[in-house]
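Order of the sequence lines sets the chain letters (A, B, ...), proteins ahead of strands, with each chain counted from 1. Here the structure is a predicted model, which is why all the values come from computation and not from measurement.
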2 protein chains.
Amino acid sequence: MRYSHQREIISEIVHSTNSHPTADWVYGEVRRYIPNISLGTVYRNLKQLTDEGIIRTIYDGAVARYDWNRSPHDHLKCNVCGEMIDVQLPNDGLRRTVKDEYDFEVSDVEITLVGKCNKHA
Amino acid sequence: MRYSHQREIISEIVHSTNSHPTADWVYGEVRRYIPNISLGTVYRNLKQLTDEGIIRTIYDGAVARYDWNRSPHDHLKCNVCGEMIDVQLPNDGLRRTVKDEYDFEVSDVEITLVGKCNKHA
DNA sequence: GAAATAAATAGTAATAATTCCTATTATTAA
DNA sequence: TTAATAATAGGAATTATTACTATTTATTTC
């Protein structure tokens with residue numbers, strides 16, 4: 001993968017936020033720096049960055065979101081404010097359970113807890 | 001919600017499989033019984049059945065899948081054969097952890113373990 | 001049981017998110 | 001510096017899904 005200015009900016013933008021942005025939001029931000037960038041370029045680069053392991057793609061219902069946080073982690077999704085919060089939850093138990101009970105070889109764990117975050121006591 | 005033949009058949013089809021079918025697959029099946037049913041009718045009814053709690057909608061990446069199994073459960077997704085297997089995993093620990101550590105009020109737990117199922121030793 | 005009411009349908013157009021295509025531009029290797 | 005080719009912009013195409021509308025059908029009322 002050779003250098004491109006567009007990819008550099010896209011990567012920086014994803015790394016600049018904890019908001020798990022959508023492709024469309026990233027597109028809007030990149031245009032502040034590269035006004036005539038095309039949406040296809042944004043998608044292509046988000047995919048390439050994902051393939052290279054530089055960012056992660058997560059799915060929130062039907063839309064893709066992008067996450068700079070590559071370390072294994074889970075998400076809390078607040079139904080009230082829509083925010084998605086990174087958390088690290090223990091999953092050794094889950095892995096062991098499915099290995100023992102279903103003979104299933106786990107390569108990836110995806111946990112999302114939906115509910116109400118602490119901003120809405 | 002008043003009776004309709006179309007909804008009846010759609011519901012039966014979703015209940016007849018463990019394959020977590022997509023709307024498109026359901027559409028193909030329903031047409032064996034109602035050849036001129038429209039895709040919009042399938043989507044509308046799948047949504048209504050979901051709203052009524054008769055079936056569940058789950059997301060597999062970007063596509064919606066439908067599941068007759070309403071009891072709380074999780075999924076094992078096999079990367080080799082693509083199958084999605086229903087399992088019941090304990091999640092009391094997870095709930096307690098986020099309650100205690102993040103003051104997050106959980107209403108729903110979504111767990112998908114990705115890997116290799118026991119058909120591919 | 002027939003007419004009135006309104007929900008549901010078929011068929012099709014529209015939308016949203018994403019991918020694909022192609023002529024042109026830019027990066028890198030020699 | 002040039003040759004090779006990856007990446008781009010711009011737009012068309014695709015896929016999944018929702019919206020619209022005239023017509024049909026299930027239910028309600030008399």
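In the hydrophobic clustering, where aliphatic and aromatic side chains (Ile, Leu, Val, Met, Phe, Trp, Tyr) are joined below 4.5 Å either directly or transitively, B:V87 groups with A:L76, A:I85, A:V87, A:L89, A:L94, A:V98, A:Y102, A:F104, A:V106, A:V109, A:I111, A:L113, B:L76, B:I85, B:L89, B:L94, B:V98, B:Y102, B:F104, B:V106, B:V109, B:I111, B:L113. Apart from A:Y43 itself, the hydrophobic cluster it occupies contains A:M1, A:I9, A:I10, A:I13, A:V14, A:W25, A:V26, A:Y27, A:V30, A:Y33, A:I34, A:I37, A:L39, A:V42, A:L46, A:L49, A:I54, A:I55, A:Y66, A:W68, where clustering links Ile, Leu, Val, Met, Phe, Trp and Tyr at side-chain heavy-atom distances under 4.5 Å.
Summarising the geometry, atom NE2 belonging to B:H73 is positioned 11.0 Å from atom CD belonging to B:E110; distances are rounded to the nearest 0.5 Å. The distance from atom CE of A:M84 to atom CG of A:D67, rounded to the nearest 0.5 Å, is 9.5 Å. Note that the CD atom of B:E83 and the SG atom of B:C117 stand 6.0 Å from one another [nearest 0.5 Å]. One finds the SG atom of A:C81 at 3.5 Å from the NE2 atom of A:H120 (value rounded to the nearest 0.5 Å). Atom OG of B:S71 sits about 5.0 Å away from atom CD of B:Q88, to the nearest 0.5 Å.
Using a 4.0 Å heavy-atom distance criterion, B:R44 is classed as a base contact.
For A:H20, the ring pair (Phe, Tyr, Trp, His ring centres under 6.0 Å) partners are A:H75, not counting sequence neighbours. For B:R70, there are no salt bridge (Lys or Arg N to Asp or Glu O under 4.0 Å) partners, not counting sequence neighbours. B:K77 meets the salt bridge (Lys or Arg N to Asp or Glu O under 4.0 Å) test with B:D60; sequence neighbours excluded. By the side-chain hydrogen bond (donor to acceptor under 3.5 Å, both in side chains) test, B:Q48 pairs with B:R7, sequence neighbours left out.
Computed from coordinates, the A:I10 CD1 to D:dA7 C1' distance equals 11 Å when rounded to whole Å. Residue B:L49 contributes atom CG, which lies 11 Å from atom P of C:dA8 at whole-angstrom precision. Rounded to an integer number of Å, the gap from CD of A:Q6 to P of C:dT24 is 18 Å. Straight-line distance from the CG atom of B:N45 to the C1' atom of C:dA8: 8 Å, rounded to whole Å.
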Contact pattern, 5' to 3', of nucleotides 22-30 of chain D - B, S or - by protein heavy atom under 4.0 Å:
---BBS---
What one-letter contact string describes nucleotides 11-19 of chain D from 5' to 3', where B marks a base within less than 4.0 Å of any protein heavy atom, S marks contact via sugar-phosphate atoms alone, and - marks no contact?
-----SBB-
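The stretch residues 25-36 of chain B touches DNA chain C through B:N36, each having a heavy atom within less than 4.0 Å of the strand.
Applying the salt bridge (charged side-chain N to carboxylate O under 4.0 Å, His left out) definition to pairs two or more places apart or across chains, those involving residues 21-32 of chain B are B:E29-B:R32. Sorted pairs that involve residues 40-58 of chain B and meet salt bridge (charged side-chain N to carboxylate O under 4.0 Å, His left out), not counting sequence neighbours, are lacking altogether.
Each end of the helix from C:dG1-D:dC30 to C:dA30-D:dT1 gets its own rotation axis from five pairs of C1' atoms, and the angle between them is 30° to the nearest 10 degrees.
Considering only side-chain N and O atoms, A:Q48 lies nowhere under 4.0 angstrom from the phosphate OP1 or OP2 of D:dA6.
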